[in-house]
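Single-structure report; data block below.
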Amino acid sequence: MAFDSEGFNRQIALPPELKVSHIRKAVEYIEREATDLVEVYFEQANVFSGLVGIFGVRALHSLSPYKKHKHPDVAQQRFPDLSLGGKLNPPPKQALESKGTTRPWALQSHYNHPGWYIVWRYLVDPAKIIKAGKSVVIWRVDVAFLRQEDWKYEGSKAAEGRGGRTHTFGVKQPADRFSSAIAYCHPKIVLRQSRPTLANGVA
DNA sequence: AAATACGATACGCTCCTCAG
DNA sequence: CTGAGGAGCGTATCGTATTT
């Protein structure tokens with residue numbers, strides 16, 4: 001694949017009218033905003049991942065043609081996060097969902113909506129070694145158009161007196177699915193033990 | 001009519017097993 | 001030993017049904 005020196009793949013399929021430059025600026029925005037709130041990660045990591053997804057939405061909303069839904073309550077919790085021009089019920093090809101995660105491949109969701117997904121895969125580096133001044137680093141961005149068939153249902157055994165997460169949909173064979181959908185990959189990060197690591201440093 | 005309860009939706013992580 | 005994925009676990013908000 002054709003990655004430039006910064007780590008961007010210039011040949012990947014992107015949603016209509018979304019450009020590599022949008023993604024690059026969004027990455028910078030997310031890292032900056034998230035760094036300010038990194039304490040939240042240690043408080044409750046899952047919530048922090050939600051924030052990363054939200055920052056992704058904010059960034060793309062302001063610097064790309066993809067806009068949030070105009071009804072704030074709908075935008076807040078309905079699919080998709082963004083659509084081309086902010087359209088109400090966009091066709092899947094113009095729907096864009098933003099997700100933040102630390103996992104190297106897997107992607108879970110609570111619904112198997114078809115549409116474009118942009119996944120901000122980040123790590124927390126409190127010592128700010130990887131990127132100067134940034135304790136949150138997005139080390140890979142995946143962009144993929146997922147159809148309903150790309151999702152599998154993952155049931156839940158949650159029950160009274162036992163708790164548990166609600167049921168989930170997961171992307172089938174995510175490593176295969178996303179390996180050809182990498183829009184950006186930090187040049188110095190490699191996967192080691194299923195974990196992003198500095199290529200030539202001690203972890 | 002107002003308050004409360006509950007299900008559906010939204011967003012996730014980490015442990016541990018299992019296969020290669 | 002390693003990586004991938006299943007299963008157990010977490011939170012917030014909203015709409016509607018139920019109760020008071």
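Because only heavy atoms are used, hydrogens play no part in the values below, and waters and symmetry mates are left out as well, while side chains stay in. Here is how names work: the chains are called A, B, and so on, in the same order as the sequence lines, proteins then strands, and each is numbered from 1.
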- Query: For the atom pair CH2 (A:Trp116) and CG (A:Leu146), what is the distance rounded to the nearest 0.5 Å?
  - Reply: 9.0 Å

- First locate atom CD1 of A:Ile130, then atom CG of A:Leu198, and finally report the distance between them rounded to the nearest 0.5 Å. 4.5 Å

Without decimals, in angstroms, what is the distance between [X] [atom1] and [N] [atom2]?
X        : N      : atom1 : atom2 : result
A:Leu51  : C:dA12 : CG    : C1'   : 12 Å
A:Lys68  : B:dA10 : NZ    : P     : 17 Å
A:Leu191 : C:dA4  : CG    : C1'   : 12 Å
A:Asn112 : B:dT9  : CG    : C1'   : 13 Å
A:Phe169 : C:dG6  : CZ    : P     : 14 Å
A:Asp176 : C:dA4  : CG    : C1'   : 11 Å
A:Ile54  : C:dT13 : CD1   : P     : 11 Å
A:Arg195 : C:dA4  : CZ    : C1'   : 13 Å

- Starting from the first five and the last five pairs of the helix from B:dA1-C:dT20 to B:dG20-C:dC1, work out the angle between the resulting helix axes, to 10 degrees. 30°

- Message: If you assign A:Trp105 and A:Gln44 each to the DNA chain C nucleotide with the nearest heavy atom, which residue ends up on the more 5' nucleotide?
- Response: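 Looking at the nearest nucleotide for each, A:Trp105 comes out on the 5' side.
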
- Query: Between A:Lys152 and C:dG5, is there a side-chain N or O to OP1/OP2 distance below 4.0 Å?
  - Reply: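 False: A:Lys152 side-chain N/O out of range (4.0 Å or more) of C:dG5 OP1/OP2.
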
- Item | Side-chain donor/acceptor of A:His61 to backbone N/O of A:Lys68, under 3.5 Å | yes

- Protein-proximity profile, nucleotides 11-20 of chain B, B/S/- by nucleotide at the 4.0 Å heavy-atom cutoff, equals BBBB------

- Message: Counting the atoms with a prime plus P, OP1 and OP2 as sugar-phosphate, which does A:Lys172 contact under 4.0 Å by heavy atoms, base, sugar-phosphate, or nothing?
- Response: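 No contact.
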
- For A:Pro104, which contact category applies under a 4.0 Å heavy-atom criterion: base, sugar-phosphate, or nothing?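 A:Pro104: no heavy atom of the nucleic acid under 4.0 Å.
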
- Just jot down the side chain to side chain donor-acceptor pair (under 3.5 Å) partners of A:Arg103, sequence neighbours excluded, or say none. none

- Indicate, with yes or no, if the rings of A:Tyr122 and A:Phe48 have centres closer together than 6.0 Å.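 Aromatic pair counts; centres sit under 6.0 Å.
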
- Near-ring test A:Tyr117/A:Trp151, centroid separation under 6.0 angstrom: yes

- Item | Exercise: do A:Arg24 and A:Tyr184 side chains pair donor with acceptor under 3.5 Å | no

- Message: Within 45 degrees of the ring normal and closer than 6.0 Å to the centroid, is that where the cationic atom of A:Lys152 sits relative to A:Phe169?
- Response: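 The answer is no, since A:Lys152 fails at least one limit relative to A:Phe169.
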
- Message: Pair A:Asp125, A:Lys134 - check salt bridge (Lys or Arg N to Asp or Glu O under 4.0 Å), show working.
- Response: CA-CA 8 Å; A:Asp125 172 33; A:Lys134 301 276 180 61; over 6 Å; no

